[in-house]
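Throughout, residue positions are numbered sequentially from 1 according to the sequence presented. Atoms considered below: every heavy atom in the structure, side chains included; atoms not considered: hydrogens, waters and symmetry mates. Order of listing sets the numbers, starting from 1, for every ligand and every atom in it.
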Amino acid sequence: MLLLCLLLFPIISAQEEGYSFVSKEIRTPLDHFSFSKNNTFLLRYMVNDTFYKPNGPIFFYTGGNENLEVFAQDSGFIFEIAPQFDALIVFAEHRYYGDSLPFGLFSPPEYMGYLSSIQVLADFADLITFLQKNLRHVWR
Ligand SMILES: *[C@@H]1O[C@H](CO)[C@@H](O)[C@H](O)[C@H]1NC(C)=O
Ligand SMILES: *[C@@H]1O[C@H](CO)[C@@H](O)[C@H](O)[C@H]1NC(C)=O
């Protein structure tokens, strides 16, 4: 038990320091594979541009089945390597989690079909396309 506490301590204290971001949202279609794309929702993403230099890459980290802050605060490696690459750091939230809720906290069962990995990947593709087009001014 003591050993476990000792092992966990560095992790916990690293988390307490916290990484900082600017929180943003992008409007994306609820159904990326339908002809009618007028049903949309706001997908949250977080950006840290401190290490970014023009022509640097985007380090794009996808959230999973959890609030986005959990992934952003647990992924120190991204912050360690970003300065060497002049990278823009972007964390994107998984739909139906955290603040990216198309139908609020409790989605009616008939809308749960939009919670699929293919739709989630399409959300991320949409966001990456947007970031690449607007790299200079999206996060300011
Ligand atoms: C980005 O992260 C670095 C390292 O944690 C931090 O010093 C900086 O303030 C952050 N920048 C923004 C815009 O939050
Ligand atoms: C989407 O567009 C169709 C056709 O214009 C309209 O009937 C429908 O109400 C729209 N849906 C939303 C959510 O705006």
Side-chain angles (χ1 to χ4, degrees):
M1 189 61 192
L2 180 63
L3 183 63
L4 185 66
C5 293
L6 289 176
L7 286 174
L8 286 177
F9 180 73
I11 301 168
I12 293 164
S13 57
Q15 275 182 354
E16 278 168 359
E17 286 170 23
Y19 295 109
S20 44
F21 302 87
V22 178
S23 194
K24 310 282 279 181
E25 286 173 325
I26 183 176
R27 190 163 282 285
T28 191
L30 181 62
D31 184 356
H32 291 274
F33 309 102
S34 157
F35 288 112
S36 126
K37 295 201 195 314
N38 59 351
N39 275 323
T40 61
F41 71 101
L42 289 172
L43 187 87
R44 178 166 62 147
Y45 63 101
M46 293 173 166
V47 178
N48 180 311
D49 69 347
T50 297
F51 309 113
Y52 178 73
K53 295 199 182 106
N55 301 320
I58 301 172
F59 283 178
F60 190 85
Y61 197 103
T62 65
N65 302 163
E66 185 55 274
N67 190 314
L68 186 59
E69 273 102 8
V70 174
F71 295 95
Q73 294 303 338
D74 278 358
S75 309
F77 180 59
I78 301 288
F79 284 84
E80 281 175 31
I81 59 171
Q84 294 172 44
F85 289 87
D86 303 332
L88 179 70
I89 302 172
V90 179
F91 283 81
E93 192 154 68
H94 190 295
R95 59 164 63 193
Y96 288 71
Y97 287 89
D99 284 348
S100 303
L101 303 169
F103 300 101
L105 204 48
F106 300 103
S107 170
E110 61 268 32
Y111 299 132
M112 292 306 283
Y114 298 109
L115 173 56
S116 68
S117 47
I118 190 100
Q119 297 283 2
V120 173
L121 288 176
D123 290 342
F124 295 154
D126 204 20
L127 174 56
I128 290 170
T129 306
F130 172 80
L131 290 168
Q132 285 174 334
K133 276 189 199 149
N134 300 279
L135 211 46
R136 260 170 240 289
H137 43 88
V138 255
W139 59 90
R140 294 264 181 222

Subject >> D123 vs F41, side chain to side chain contact (heavy atoms under 4.5 Å, CB included): CA-CA, chis, key distance, verdict >> reply: CA-CA 10 Å; D123 290 342; F41 71 101; 3.8 Å; yes

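For residues 51-67, the pairs satisfying salt bridge (charged side-chain N to carboxylate O under 4.0 Å, His left out) are K53-D86, with sequence neighbours left out.
Taking a heavy-atom cut-off of under 4.0 Å, ligand 1 is surrounded by Y19, S20, F21, N48, T50, F51, F79.
Side chains of S100 and R44: no donor on one and acceptor on the other come within 3.5 Å.
Other residues, nucleotides and ligands contribute more than 12 heavy atoms inside 6.0 Å of the CZ atom of F33.
F79 and Y19 have parallel rings, their planes meeting at less than 30° on a 0 to 90° scale where 60° marks the start of perpendicular. Classified by interplanar angle (parallel below 30°, tilted 30° to 60°, perpendicular above 60°), the ring pair Y111/F103 is parallel.
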